[in-house]
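Residue numbering restarts at 1 for every chain, and letters A, B, ... go by the order of the sequence lines. Here the structure is a predicted model, which is why all the values come from computation and not from measurement. All heavy atoms count here, side chains included; hydrogens, waters and symmetry mates do not.
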Amino acid sequence: MQYRAPRGTNDILPADVWRWQALEEKFRGICRLAGLSEIRTPGFEETELFTRSIGEVTDIVSKEMYSFQDRSGRDLTLRPEGTAPIVRAWIENNLGAEGLPTKLFYITSIFRYERPQAGRYRQHHQFGVEVIGADDASVDAEMIALAARFLGSVGAAPWTLKINSIGVPASRAVYVQALKESVAGVLGELCASCQARYEKNPLRMLDCKEPKCRELTNDVPDIAEYLDSESAAHFEKVREALTALGLDFEVDPRLVRGFDYYTKTVFEFQVEGLGAQNTVCGGGRYDGLVEELGGPATPAFGFGMGIERLLLTLEQRGATVGEPPRADVFVVRAGEGAQVEGLALAEELRKTGLTADTDYGNRSMKAQMKRAGKSGARLTLILGDDEIASRQVTARDMIAQQQWRLPLEGCAGMVKDYLETAESDQIRRG
RNA sequence: GCGGGUGUAGCUCAGUCGGUUAGAGCGCCAGGUUGUGGCCCUGGAGGCCGGGAGUUCAAGUCUCCUCACUCGCCCCA
């Protein structure tokens with residue numbers, strides 16, 4: 001074994017890829033039902049797009065980006081998050097001209113240079129949505145509800161939905177000041193990373209996991225007290241709408257998120273079973289980002305959902321979505337004389353829309369039957385010297401363990417009819 | 001970047017106090033059945049015991065280094 005997949009990356013093998021496809025189709029379906037359109041953006045962007053949007057001091061920008069220069073010296077970065085590229089594409093292609101809001105979804109890879117562990121990889125994949133051009137709290141609630149409906153439909157329950165409002169930059173600055181003042185006295189007792197956060201990213205002190213820090217920051221001021229009136233009203237409407245939609249949620253005044261561009265609403269869906277990780281979906285409102293990136297002042301809302309984390313959650317729940325692929329028909333070609341005729345038969349079957357597989361190398365009947373069994377095919381068609389001579393084919397129902405002969409000419413249609421009947425019989429019997 | 005754990009067959013793992021030719025189950029291939037899958041039986045292929053150095057008469061086993069994987073910290077999906 002010489003080459004390996006790079007650290008923190010994974011091959012998605014045939015044994016698993018059907019699970020991915022099933023989730024992707026489900027997500028697409030749910031997004032389309034809500035009026036969202038799919039968008040795909042490049043795998044890399046100008047580095048500055050991310051440093052401007054995510055924030056210079058965040059960990060993603062300061063130590064986790066896969067950045068490089070191309071052969072003509074352009075500074076580029078593999079997409080470390082989903083939102084900024086879409087906002088860039090929205091501005092660049094003037095998507096807003098078609099009427100607001102623009103409702104988008106995506107399924108994509110994300111790259112971050114991190115130490116891998118359970119539920120965390122250097123390349124991972126996300127489902128996401130972005131609704132650009134509406135400040136209505138209905139959008140926040142609708143998209144959170146969409147995430148919940150999707151998670152529920154694939155079997156990810158139970159989860160905890162946490163929401164918070166972090167206000168607008170001006171109100172947040174006031175709050176951060178109050179926060180710093182209130183912990184200044186105990187600063188020396190906080191953990192080393194909280195002491196660093198105090199200077200660089202004070203809000204993050206709120207969700208430190210250290211019990212000691214938790215205790216010391218216990219009666220720190222509540223961000224809700226510092227919200228501007230518009231943010232407070234918006235948050236109230238979001239909560240009302242979520243309640244009206246029948247969603248259980250928890251207001252967590254300590255919920256903060258890693259990107260600088262968030263305003264007002266932030267939320268996370270948290271689940272058990274992801275190792276040290278617990279967020280399967282997170283997002284919020286980013287009313288300043290479009291303008292920050294050079295577009296017109298435009299409010300927006302979005303979320304990202306980790307596909308690997310979702311899969312881990314489903315596995316832990318014992319939930320499966322979709323089915324592994326299997327053949328409808330397996331063609332056994334016994335003897336030299338049946339090789340070409342058998343290939344032609346398989347092609348005929350495929351033309352009718354049936355999945356047909358076969359074995360190669362003219363192996364023994366036993367070996368071919370064994371492979372037929374493994375293929376999951378309901379029906380095996382056997383073509384040997386006898387069949388060729390009589391222009392017939394032997395059909396074997398692998399479940400009923402019965403076999404009979406059919407005329408070779410035109411048998412594909414009969415096979416299709418038989419399988420449709422057999423399947424419906426099976427459904428009727430349960 | 002910093003800690004802990006684990007590296008033996010394609011996969012999951014045994015391997016005693018350091019001892020002679022390194023094992024099992026599953027999977028794969030073949031045969032038992034010269035045209036019939038699953039169950040059963042028999043046989044076969046498949047190993048740089050992660051890599052390097054050291055200790056020893058002798059190392060899969062002990063020591064050190066290194067690499068990889070993995071779990072956790074930081075942070076995030």
Less than 6.0 angstrom from the centroid, inside 45 degrees of the normal: does Lys26(A) satisfy that with respect to the ring of Phe150(A)? no
Would you check if Arg285(A) and Val139(A) make a side-chain contact, meaning some heavy-atom pair closer than 4.5 Å? yes
Counting C-beta onward and ignoring hydrogens, is there a side-chain heavy-atom pair between Tyr261(A) and Thr83(A) closer than 4.5 Å?
yes
Side-chain contact check for Gln117(A): nearest option of A77(B), C75(B), G72(B) is G72(B)
NA contact type, Arg257(A), heavy-atom cut-off 4.0 Å: base, sugar-phosphate, or nothing?
sugar-phosphate
Check every strand shown and say whether Phe259(A) touches a base, only sugar-phosphate, or nothing at a heavy-atom separation below 4.0 Å. sugar-phosphate
Q. Expressed as a whole number of Å, how far does the P atom of G5(B) sit from that of A24(B)?
A. 32 Å
Note: for Thr279(A) and Arg115(A) on RNA chain B, the residue whose nearest nucleotide lies more 5' is Arg115(A)
Rounding to an integer number of angstrom, what distance separates G18(B) and C75(B) when you compare their C1' atoms? 46 Å
Please report the distance separating the P of G27(B) from the corresponding atom of C11(B), rounded so that it comes out in whole Å. 15 Å
Rounded to whole Å, the CG-P distance (Asp260(A) to C75(B)) equals 14 Å
How far does the P atom of A9(B) sit from the matching atom of G3(B), given to the nearest Å? 29 Å
To the nearest angstrom, the CG-P distance between Leu312(A) and C71(B) comes to 9 Å
Query raised in the report: Is the phosphate of G27(B), meaning OP1 or OP2, less than 4.0 Å from a side-chain N or O of Lys374(A)?
Result: no
message = Please classify the nucleic acid contact of Glu268(A) as base, sugar-phosphate, or nothing, using heavy-atom distances under 4.0 Å.
response = nothing
Exercise for the section: Answer yes when Glu347(A) and Arg350(A) have at least one side-chain N-carboxylate O distance shorter than 4.0 Å, and no when they do not. Expected result: yes
Just checking Ala276(A): base, sugar-phosphate only, or nothing, at a heavy-atom cut-off of under 4.0 Å?
-> sugar-phosphate
Requested in this report: Show the numbers, then the answer: is there a side chain to side chain contact (heavy atoms under 4.5 Å, CB included) between Glu130(A) and Lys103(A)?
Outcome: CA-CA 6 Å; Glu130(A) 313 292 347; Lys103(A) 302 171 76 178; over 6 Å; no
- Task: Take atom P in A30(B) and the same atom in C67(B), then report the distance between them in whole Å.
- Result: 44 Å
Between OH of Tyr262(A) and P of C76(B) the distance, given in whole Å, is 10 Å
When rounded to whole Å, the CZ to P distance for the pair Arg122(A) and A68(B) reads 10 Å
Scan Gly275(A) against the nucleic acid and name what it touches under 4.0 Å (heavy atoms): base, sugar-phosphate only, or nothing.
sugar-phosphate
The answer to which of Ser193(A) and Tyr113(A) contacts RNA chain B further toward the 5' end, by nearest nucleotide, is Tyr113(A)
Quick one: label Lys63(A) by what it contacts on the DNA or RNA (base, sugar-phosphate, nothing), any heavy atom closer than 4.0 Å. base
Counting any heavy atom closer than 4.0 Å, what does Leu274(A) reach on the DNA or RNA strands: base, sugar-phosphate only, or nothing? nothing
Rounding to 0.5 Å, atoms CD (Glu46(A)) and CG (Leu76(A)) come to a distance of 7.5 Å
By side-chain contact (heavy atoms from CB on, under 4.5 Å), Leu383(A) pairs with (sequence neighbours left out) Ala338(A), Glu341(A), Leu345(A), Glu387(A), Ile388(A), Val393(A), Leu408(A)
**OP:** Report yes or no: is the cationic atom of Arg172(A) (NZ for Lys, CZ for Arg) closer than 6.0 Å to the six-membered ring centre of Tyr226(A), at no more than 45° off its axis?
**Re:** no
- Item | Flag side-chain contact, heavy atom, 4.5 Å: Leu419(A) against Lys416(A) | no
>> With rounding to the closest Å, how many angstrom separate the C1' atoms on U55(B) and U61(B)?
In response: 14 Å
Its dot-bracket string being built from Watson-Crick and G-U pairs below 3.5 Å, with | for another strand and [ ] for crossing, RNA chain B has the pattern (((((((..((((.....[...)))).(((((.......))))).....(((((..]....))))))))))))....
**Asked** So what does Arg396(A) touch, heavy atoms closer than 4.0 Å: a base, only the sugar-phosphate, or nothing?
**Response** base
Between CG of Leu255(A) and C1' of C76(B) the distance, given in whole Å, is 13 Å
- Message: Check this for me: does the side-chain of Glu114(A) come within 3.5 Å of the base of G1(B) through a donor and an acceptor?
- Response: no
Practice task
Could you tell me whether Gln403(A) contacts a base, only the sugar-phosphate backbone, or nothing, with contacts defined as non-hydrogen atoms closer than 4.0 Å?
Solution key: base
Just call it for Glu387(A): base, sugar-phosphate, or nothing, with non-hydrogen atoms closer than 4.0 Å on any strand. base
Side-chain donor-acceptor contact under 3.5 Å, Thr41(A) with Arg79(A): yes
Between CD of Gln123(A) and C1' of A77(B) the distance, given in whole Å, is 13 Å
Ile382(A) atom CD1 is separated from G35(B) atom P, nearest whole Å, by 12 Å
Ala118(A) near the nucleic acid: base, sugar-phosphate alone, or nothing, with a heavy-atom cut-off under 4.0 Å? sugar-phosphate
#### Entry: P spacing across the pair U6(B) / C65(B), given as an integer number of angstrom
16 Å
Rounded C1' spacing from C62(B) to C29(B) in Å: 40 Å
The correct set of residues in residues 357-371 of chain A placing a heavy atom under 4.0 Å from RNA chain B is Arg363(A), Ser364(A), Met365(A), Lys366(A), Ala367(A), Met369(A), Lys370(A), Arg371(A)
* Where does the angle between the aromatic ring planes of Tyr262(A) and Tyr286(A) fall among parallel (under 30°), tilted (30 to 60°) and perpendicular (over 60°)? -> perpendicular
Can you find a donor-acceptor N/O pair under 3.5 angstrom joining the side chain of Arg7(A) to the base of A68(B)? no
Atom OH of Tyr121(A) and atom P of C76(B) are separated, to the nearest Å, by 18 Å
Among the nucleotides C69(B), C75(B), G35(B), whichever has the atom closest to the side chain of Gln277(A) is C75(B)
- prompt: Does atom CD of Gln316(A) have more than 12 heavy-atom neighbours from other groups under 6.0 Å away?
  reply: yes
